[in-house]
Trainee: 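I have a structure here, written as structure tokens, and I will follow up with some questions on it.
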Amino acid sequence: MGFPRDFPQKTRRREPERVRSFLAIAVFRGNDGTMESAPPPSDPAPPAAAPRMTDLERLRHSAAHVMATAIAKLWPDAQFAAGPPVEDGFYYDVELGHRISPADFDKIEAEMKAVVKTNQPFERIVVSRAEALALAQKGRLAALGERALPSRYKLDILQGILEGETITLYRNGDFLDLCAGPHTMRTGNVKAFKLTAVASAYYKGDEANPQLQRIYGTAFPNKTELEAHFVMLEEAKKRDHRRLGAEMGLFAMDPEYTGPGLPLWLPKGAAILEELEKLAKETEFVAGYVRVKTPHLAREKMYTTSGHLPYYAESMFPPMEIREERRRTSDVGDAKENPASSSDRYFLKAMNCPHHHRIFAAAPRSYRDLPLRLAEYGCCYRYEQSGELFGLMRVRSMNMNDAHIYCAPDQFAAEFNAVNAMYLKYFEIFGFTKYRMRFSTSAPEGMGRKYVDEPALWKQTEDMVRRVLQESSIQYVEVPDEAAFYGPKIDVQVWSAIGREFTLATNQVDFAVPKRFGLVYRDRDNADKTPLCIHRAPLGTHERFIGFLIEHYAGNFPLWLAPDQVRVLPVTDAQLSYAQALVAELRAAQVRAEMEFSNDKLQGRIQRAEAARVHTIFVVGAKEQASGAVALRVHGKGQQGVKPRAEAIAEILAAIRNRSR
RNA sequence: GCCGAAGUAGCUCAGUGGUAGAGCAACGGUUUCGUAAACCGUGGGUCGCGGGUUCAAUCCCCGCCUUCGGCUCCA
């Protein structure tokens, strides 16, 4: 309970459904039971229930088989599991004594080329369960011939296939695999491919299962597109927030001294952080939020009450044990008076809500006080698994764009709607056009186990949320059985400029935890009632949000966010005082401005300013000084002509105020 | 946490069983310059950390840390 570790932090890319279906697999619901050839690449009608694939996916799926054929030839004891197409290519999971390393790629690719060259047809074969099992027992599936050991993963997959479903094999040359298809016509269709990575993956994604070697590759219809893909990847790498963050001096990671996952905000990054928080504060002020401030830690009782302990404990930093000397009690020889107790343990907070609940409880509340909207960009600490840390996107210390709205049931729809409107406002400001709201609901079978056992409340709340979503015509998808323990939630998924999808923000309804804290308000009928609580973080964590913004803008921030808003470059030292006066005027108006005069030529200084992504450059020479003007240059746009200084500064102030893009 | 790979100057990278180099950055000097790199010079590294092998380890071996690619997790 309590706020899921993913409250604002959710990065995992879900496997496309079709990938899972491959594991379940190899099934057509057709019923012919006869052998037939694979459909040609252009055939629009593979059996109706076959996995649907685009032409590109089909090509990549076939490439996966070509790769498996090559691997089976090089290492006949290879045990294959699943080999689907994925977003950027394909993979095949394999269990193998030999550790495949990138050094083996050349060898594997050479074998693949041989398979492509012989242009083997992909042949679709429908078999009975008994036939398939017999082949698997003989190690004949996902292999070039019979083997001493059974095809264990294929056998397992076969056992997962329901009675009555059609079982199909695909064969190319001697390579025979359990597979639902579809495939291209022949191996010769796999013209342009490349192996890209090797990693490990648990069989069926379950930690309890063996780890397999997952070999990734990609394939395209032709060499040109393949090469373009790698060029695109190189370009994407240049936008990576970890790289830009270092280049631009936004943040630093200091694992040795500060600790892994604990970013240091450098002055230029902190400037962005503060602009973001300024925006949020202004927006929330207008929307009737009030700001609070709470400590970074709390006693154990806070989290036993909230329910985070012991369940959530492993995601929290270990407790600080406060060992008081038992001075007085030891003096009188009665240590039992003051035994070390659990109340001597403090925890760094992993979420702000318990503290906010205590603020709610700090005074008697009337229905007149509701809705009460408590906002705080509290710094939370989560002990994320080491392998999960990822630049700013997954960190261990985070500022949440947090607020908790306590309201009565009849206020819920309006509050929830207002929160959604706030999300949309932000997206508009930042120019996010591609996002999706993911509405996670409960499932009846999880009641009392996975979810708080309040079926009526669940239904009521989910209906409310669904109605609000429909009425506001927000694009969303509903995902059953993915809700939080304490209520339904909405995650906002976005795609960064480099195509990475993750959850930026979460909006959750909580009808369980306020009760655990005994929170009540006195209603009109003079009865004490438990408020509903909406947890909302439209900017998620500021760390992740800025990581996303860096990639979204490729480091080229709009003026209001740009760490370097204006740089004044005097042409010669004769303009130093004029330049300094300009900087002073800009700073007096709260603009981040600086002057640079060095031994470099003007051209060199411009080059450096552009490389540093300074938003606006004022070049001032004798002419500008004489006329009280500035020569403007804007990052990405080049020279903008000469303007009177008052006009130039007024435009800058207006652009900052409007947060225009 | 798991599997694999990597860690050399602030950054990007080269290199060798005989204790290290380049470009950019930094610093100093010359140059007073008009829109994406003027010129000359200087300093800078416990080669991630700890063990081991060796006459000798940045290089070979082992352990650890961190990062990266995946996986798992993400009530």
Side-chain angles (χ1 to χ4, degrees), chain A residues 1-15 86 91 93 99-103 196-216 240 242-243 246-247 249 252-256 259-261 307-308 311-312 314-315 382-391 394 440 442 446 449-452 481-487 489 491 502-503 506 508 512-513 569-576 597-612 614 617-624 631-636 638-640 642:
Chain A
M1 64 193 60
F3 311 106
R5 48 191 306 152
D6 62 332
F7 181 29
Q9 294 261 334
K10 182 154 189 165
T11 191
R12 176 185 171 205
R13 270 187 285 177
R14 285 173 187 282
E15 299 260 35
V86 289
Y91 67 76
D93 283 346
R99 286 264 162 227
I100 292 177
S101 83
T196 52
V198 57
S200 84
Y202 299 105
Y203 176 57
K204 288 185 173 172
D206 186 339
E207 225 172 341
N209 287 337
Q211 282 201 317
L212 307 177
Q213 301 188 62
R214 175 168 295 180
I215 301 144
Y216 284 92
D240 189 306
R242 292 167 298 185
R243 176 177 173 149
E247 257 176 38
M253 288 297 180
D254 178 28
E256 193 181 348
H308 289 98
Y311 206 31
Y312 190 73
E314 68 175 28
S315 293
R382 296 181 184 180
Y383 197 77
E384 300 289 352
Q385 293 182 50
S386 59
E388 274 298 341
L389 300 176
F390 179 74
R394 193 78 176 259
S440 301
S442 62
R449 281 187 306 110
K450 209 171 159 185
Y451 307 114
V452 182
D481 205 16
E482 292 274 330
F485 177 74
Y486 48 78
K489 63 177 180 178
D491 295 323
F502 51 92
T503 298
T506 299
Q508 313 189 348
V513 184
L569 304 181
V571 176
T572 74
D573 57 9
Q575 291 85 45
L576 276 176
F597 184 71
S598 64
N599 278 340
D600 281 313
K601 290 176 66 175
L602 177 64
Q603 223 179 159
R605 286 180 282 147
I606 284 172
Q607 207 280 338
R608 278 223 302 272
E610 292 284 8
V614 172
I617 298 171
F618 284 1
V619 174
V620 292
K623 284 176 286 185
E624 286 77 19
L632 274 170
R633 187 185 169 97
V634 174
H635 181 62
Q639 294 189 60
Q640 303 289 301
V642 177

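Here is the naming used below: chain letters follow the sequence lines, and residue numbers restart at 1 for every chain.
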Trainee: Expressed in angstrom and rounded to an integer, what is the separation of Leu389(A) atom CG from C73(B) atom C1'?
Mentor: 12 Å
Trainee: If pairs are Watson-Crick or G-U with both distances under 3.5 Å, what is the dot-bracket string of RNA chain B, marking crossing pairs with [ ] and pairs to another strand with |?
Mentor: (((((((..((((....[..)))).(((((.......))))).....(((((..]....))))))))))))....
Trainee: With respect to the phosphate group of G34(B), does any side-chain polar atom (N or O) of Arg605(A) fall under 4.0 Å of OP1 or OP2?
Mentor: no
Trainee: Both Thr572(A) and Gln603(A) contact RNA chain B. Which one's nearest nucleotide lies toward the 5' end?
Mentor: Thr572(A)
Trainee: Between G48(B) atom C1' and Asp254(A) atom CG, what is the distance in whole Å?
Mentor: 13 Å
Trainee: Between G17(B) and A56(B), how many Å separate the two C1' atoms, rounded to a whole number?
Mentor: 8 Å
Trainee: Among the nucleotides C68(B), C71(B), A36(B), which one has an atom lying closest to any side-chain atom of Arg242(A)?
Mentor: C68(B)
Trainee: Residues two or more places apart in sequence or in another chain: which of them pass ring-ring contact (aromatic ring centres under 6.0 Å, His included) with Tyr202(A)?
Mentor: none
Trainee: Would you indicate what Ala631(A) reaches in the nucleic acid, counting non-hydrogen atoms under 4.0 angstrom: base, sugar-phosphate, or nothing?
Mentor: base
Trainee: Ignoring hydrogens and geometry beyond distance, is the side chain of Arg633(A) in donor-acceptor contact with the base of A36(B) at under 3.5 Å?
Mentor: yes
Trainee: Closest approach to the side chain of Ile606(A), judged atom by atom: which nucleotide of C73(B), U35(B), A38(B) is it?
Mentor: U35(B)
Trainee: Applying side chain to side chain contact (heavy atoms under 4.5 Å, CB included), run through Phe618(A) and Leu632(A) and close with a yes or a no.
Mentor: CA-CA 5 Å; Phe618(A) 284 1; Leu632(A) 274 170; 3.3 Å; yes
Trainee: What integer distance in Å separates Asp600(A):CG from C24(B):C1'?
Mentor: 13 Å
Trainee: Output the rounded distance in Å from NZ (Lys623(A)) to P (U35(B)).
Mentor: 9 Å
Trainee: Can you check the distance between G10(B) and A6(B), where both ends of the measurement are the P atom (answer in whole Å)?
Mentor: 23 Å
Trainee: Look at the side chain of Ser200(A) and the base of G70(B), then say whether one donor and one acceptor between them are separated by less than 3.5 Å.
Mentor: yes
Trainee: Classify the side chain of Tyr202(A) and the base of G1(B) as holding, or not holding, a donor-acceptor pair under 3.5 Å.
Mentor: yes
Trainee: Strictly below 4.0 Å: does Arg243(A) bring a side-chain N or O up to OP1 or OP2 of U67(B)?
Mentor: no
Trainee: Are the side chains of Pro570(A) and Arg605(A) in contact, using a 4.5 Å heavy-atom criterion?
Mentor: yes
Trainee: Over how many whole Å does the gap from Met253(A) atom CE to G7(B) atom C1' extend?
Mentor: 17 Å
Trainee: Tell me which of Gly259(A) and Val619(A) sits closer to the 5' end of RNA chain B, going by the nucleotide each one is nearest to.
Mentor: Val619(A)
Trainee: Quick check for you: among G34(B), U32(B), G69(B), whose closest atom lies nearest to any side-chain atom of Asp573(A)?
Mentor: U32(B)
Trainee: Compare all side-chain heavy atoms of Glu624(A) with those of Val642(A) and state whether any distance is below 4.5 angstrom.
Mentor: yes
Trainee: Is Ser315(A) reaching over with its side chain to a backbone N or O of Arg382(A), donor-acceptor style, under 3.5 angstrom?
Mentor: no
Trainee: Tell me the closest heavy-atom pair linking Gly636(A) and Glu610(A), and the distance in Å.
Mentor: N-OE1, 4.1 Å
Trainee: Across the strands shown, which category fits Tyr216(A) at heavy-atom distances under 4.0 angstrom: base, sugar-phosphate, nothing?
Mentor: sugar-phosphate
Trainee: To the nearest angstrom, how far is Lys601(A) atom NZ from U30(B) atom C1'?
Mentor: 14 Å
Trainee: Distance check, C1' atoms only: A25(B) and G43(B), in whole angstrom units.
Mentor: 13 Å
Trainee: Side-chain contact test, heavy atoms from C-beta onward, threshold under 4.5 Å: evaluate it for Val86(A) versus Tyr91(A) and give yes or no.
Mentor: yes
Trainee: Look up atom CD in Gln213(A) and atom CD1 in Ile215(A), then write down how far apart they are to the nearest 0.5 Å.
Mentor: 6.0 Å
Trainee: Separation of Gln213(A) atom CD from G69(B) atom C1', in whole Å?
Mentor: 14 Å
Trainee: What residues, two or more places apart in sequence or in another chain, satisfy side-chain hydrogen bond (donor to acceptor under 3.5 Å, both in side chains) together with Thr572(A)?
Mentor: Gln575(A)
Trainee: Between G7(B) and G48(B), how far is it from one P atom to the other, in whole Å?
Mentor: 8 Å
Trainee: Expressed as a whole number of Å, how far does the P atom of U32(B) sit from that of A38(B)?
Mentor: 15 Å
Trainee: Give a yes/no on whether any side-chain N or O of Gln385(A) is located under 4.0 angstrom from OP1 or OP2 of C73(B).
Mentor: no
Trainee: As a test of reading the structure: which of G70(B), A36(B), C68(B) is closest to the side chain of Ala199(A), going by heavy atoms?
Mentor: G70(B)
Trainee: Give me the distance, rounded to whole Å, that separates C59(B) from U16(B) when you measure between the C1' atoms they each carry.
Mentor: 7 Å
Trainee: Return the minimal non-hydrogen interatomic distance between Val571(A) and Gly621(A), and the atom names on each side.
Mentor: CG2-CA, 3.5 Å
Trainee: Looking across every strand, which nucleic acid part, if any, lies under 4.0 Å from Ala574(A) by heavy atom: base, sugar-phosphate, or nothing?
Mentor: nothing
Trainee: With heavy atoms under 4.0 Å as the rule, sort Gly604(A) into base, sugar-phosphate or nothing.
Mentor: sugar-phosphate
Trainee: Looking only at N and O atoms, is any donor in the side chain of Glu624(A) or the base of G34(B) less than 3.5 Å from an acceptor on the other one?
Mentor: yes
Trainee: Expressed in whole Å, how much space separates the C1' atoms belonging to U54(B) and U19(B)?
Mentor: 15 Å
Trainee: Please work out if Phe597(A) contacts a base, only the sugar-phosphate, or nothing of the nucleic acid, heavy-atom cut-off 4.0 Å.
Mentor: base
Trainee: Does any donor-acceptor pair link the side chain of Asn599(A) with the base of U32(B) at a separation under 3.5 Å?
Mentor: no
Trainee: What about Gln211(A): does its side chain form a donor-acceptor pair under 3.5 Å with the base of C71(B)?
Mentor: no
Trainee: Between U12(B) and U30(B), how far apart are the C1' atoms? Round to whole Å, please.
Mentor: 29 Å
Trainee: Tell me the interatomic distance from Leu569(A), atom CG, to U32(B), atom P, rounded to whole angstroms.
Mentor: 19 Å
